[in-house]
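Written out below as structure tokens is the structure these notes cover.
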Amino acid sequence: MREKIETFSELDLTLEHLYNNGLLLSSGKQGNPMTIGWGTVGIIWHKQIFTIMVRPSRYSFKLLEELSEFVINVPTQELKKQVAYCGVKSGRDVNKIEKCNFHLEKSNNISVPYIKECPVHYECKIVNKNDIINSELDRDIIEKYYNEGDFHSVYFGEILGVYKKK
Ligand SMILES: Cc1cc2nc3c(=O)[nH]c(=O)nc-3n(C[C@H](O)[C@H](O)[C@H](O)COP(=O)(O)O)c2cc1C
């Protein structure tokens, strides 16, 4: 059972995971999990927004383009290995849900399921997408992160609800 919680009540924990091992982004109706290490949470358009950055080469990119929704799952420390795995393997090649022994649960507001083993999850609807544009970006950042191109797309997800294991 999960209860709906205040949107920002688990923000410290969320950002701590984002900074350390990563969060798990779920996309598509089968909830393919991908590790993310970059993102922001805040207010835009008077909405509570979770912003993520996904490179076009990811399988998750295709899934986000097809279905404008995503879930952000906040893992536990015990799931460190699974989080690392979802950051190197692609859903194109393996079923990461099965490999990680994750279980999916139906979300409350969107058709992307959440991961039962992660105690907190955010349900988000994409309200805007932008691309990181080479000519607009700091040269040092380009050298450090975009040697192979593959410039991120930035997805703005309106947070429709945040839920926590009871
Ligand atoms: C700690 C960590 C953080 C990552 N953060 C991102 C990210 O924010 N955006 C991104 O596009 N890829 C990121 N990646 C890489 C993807 O997780 C990785 O390429 C994954 O295999 C893609 O899965 P998919 O093809 O099933 O979408 C990260 C990887 C790790 C290990």
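Just follow the structure's listing: the first ligand is 1, and inside any ligand the first atom is 1. As the structure is a computational prediction, the values presented were derived from the model and not from experiment.
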CD on E66 to NZ on K29, rounded to 0.5 Å:
10.0 Å
Measuring from E3:CD to K166:NZ, what's the distance to the nearest 0.5 Å?
6.0 Å
Checking the N or O distance criterion of under 3.5 Å, is ligand 1 in contact with T35?
yes
Would one find an N or O of G37, backbone or side chain, under 3.5 Å from an N or O of ligand 1?
yes
Working note: E65 + K129, criterion salt bridge (Lys or Arg N to Asp or Glu O under 4.0 Å); need CA distance, chi angles, decisive distance, verdict.
CA-CA 10 Å; E65 293 291 314; K129 176 199 166 179; 2.8 Å; yes
Which of the atoms of ligand 1 are close to [X], meaning less than 4.0 Å from one of its heavy atoms?
X: Y59; value: 24 (P), 25 (O), 26 (O), 27 (O)
X: N21; value: 1 (C)
X: V54; value: 11 (O)
X: V88; value: 21 (O)
X: M53; value: 7 (C), 8 (O), 9 (N), 10 (C), 11 (O)
X: K96; value: 23 (O), 24 (P), 26 (O)
X: R55; value: 11 (O)
X: C86; value: 17 (O), 20 (C), 21 (O)

Give a yes or no on whether [X] and [Y] share a hydrophobic cluster (residues Ile, Leu, Val, Met, Phe, Trp, Tyr; joining criterion: side-chain heavy atoms under 4.5 Å apart).
X: L23; Y: L64; value: yes
X: L104; Y: V112; value: no
X: V74; Y: L25; value: yes

Partner of E10 by salt bridge (charged side-chain N to carboxylate O under 4.0 Å, His left out), out of K4, K164, K165
K164
Looking at ligand 1, does I52 have a heavy atom less than 4.0 Å from it?
no
May I ask whether S60 has any heavy atom positioned less than 4.0 angstrom from an atom of ligand 1?
yes
For a side-chain hydrogen bond (donor to acceptor under 3.5 Å, both in side chains) with H152, tell me which candidate from W38, Y146, Y145 qualifies.
Y146
For atom 29 (C) of ligand 1, which of G91, S57, G87 has the closest heavy atom?
G87
Once the angle between the rings of Y163 and H121 is folded into 0 to 90°, is it parallel (under 30°), tilted (30 to 60°) or perpendicular (over 60°)?
parallel
Please list the nearest protein heavy atom to atom 25 (O) of ligand 1 with its residue and the distance rounded to 0.1 Å.
S90 OG, 2.7 Å
Among all protein heavy atoms, pick the one closest to atom 21 (O) of ligand 1 and tell me residue, atom and distance.
K89 O, 2.9 Å
